[in-house]
Participant: 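Pasting a structure here, questions to come.
No experiment lies behind these values; they were computed from the predicted model shown. Numbers here simply count residues along the sequence, with the first being 1.
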Amino acid sequence: MSRLFWLNEEQWAKIEPLLPHYGSPPRVDDRRILSGIIHVLRCGCRWCDCPSDYGPYTTVYNRFNRWSRKGIWQRIYAAITGDARTPRQLLADSTHVKAHRSAAGAEKGGTNVRRLVAPAAVERLRSMP
């Protein structure tokens with residue numbers, strides 16, 4: 001069983017008129033590239049890990065980036081959901097945010113473990129005997 005995502009005919013019929021057309025000859029790979037973009041967004045993989053069935057990963061990423069700047073994703077979202085409002089809240093996946101260990105309160109230069117409670121007090125705090 002293939003784990004790749006492909007737009008079906010009904011989905012493609014709704015989305016195709018919303019995509020930009022740059023003249024002649026028309027691009028023939030929009031459906032394949034768009035399926036690749038959705039695949040990457042659904043599975044959360046890196047762009048360079050996009051399966052080659054969708055085409056070159058640079059093309060998949062560049063098209064996603066270009067359409068993001070032109071607001072095409074908002075038009076697609078509005079057409080499919082019927083909600084033309086611009087989202088006021090955006091979320092970032094924290095797995096992609098790198099932070100230094102000192103950002104969590106650790107001191108730079110090594111591990112300094114400080115006990116907050118004496119070992120005897122820990123024995124008394126347990127809820128189960």
Participant: Group every Ile, Leu, Val, Met, Phe, Trp and Tyr by side-chain heavy-atom contacts under 4.5 Å, then state whether Ile37 and Leu19 land in the same group.
Facilitator: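 Yes, it is one cluster - the side chains of Ile37 and Leu19 are joined through contacts under 4.5 Å.
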Participant: I need the single residue from Asn65, Asn62, Val60 that forms a side-chain contact (heavy atoms from CB on, under 4.5 Å) with Trp47. Which is it?
Facilitator: Val60
Participant: Which atom pair, heavy atoms only, marks the closest approach of Cys50 to Gly36?
Facilitator: SG-O, 4.2 Å
Participant: To check you understand the geometry: which heavy-atom pair defines the closest contact between Phe5 and His39, and what is its length?
Facilitator: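 What the structure gives for the nearest pair is N-ND1, 3.9 Å.
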Participant: Residues two or more places apart in sequence or in another chain: which of them pass side chain to side chain contact (heavy atoms under 4.5 Å, CB included) with Pro20?
Facilitator: Tyr22, Arg27, Trp67, Ile72
Participant: Working to the nearest 0.5 angstrom, can you tell me the gap between Asp30 CG and Arg63 CZ?
Facilitator: 5.0 Å
Participant: Can a salt bridge be assigned to the pair Asp53 and Arg32 using a cut-off of 4.0 Å between side-chain N and carboxylate O?
Facilitator: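 No, Asp53 and Arg32 are not salt-bridged.
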Participant: Taking Phe64 as the fixed residue, which of Val40, Thr59, Leu41 is the one that meets the side-chain contact (heavy atoms from CB on, under 4.5 Å) rule?
Facilitator: Leu41
Participant: Considering non-hydrogen atoms only, spot the tightest contact between Pro17 and Ala13 and give its length.
Facilitator: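 Closest approach of Pro17 to Ala13, heavy atoms only: CD-O, 3.3 Å.
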Participant: What's the separation between atom CG in Leu34 and atom CD1 in Ile76, rounded to the nearest 0.5 Å?
Facilitator: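 It comes to 6.0 Å.
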Participant: Grab the two heavy atoms, one from Arg75 and one from Leu18, that are nearest each other, plus how far apart they are.
Facilitator: NH2-O, 3.2 Å
Participant: How close do Trp73 and Ser68 get, counting heavy atoms only, and between which atoms?
Facilitator: CD1-OG, 3.3 Å
Participant: If you compare all heavy atoms of Pro51 against all heavy atoms of Leu4, which two are closest, and at what distance to 0.1 Å?
Facilitator: CG-CD2, 3.4 Å
Participant: Tell me whether Lys14 is salt-bridged to Glu9, with the criterion being a basic N under 4.0 Å from an acidic carboxylate O.
Facilitator: no
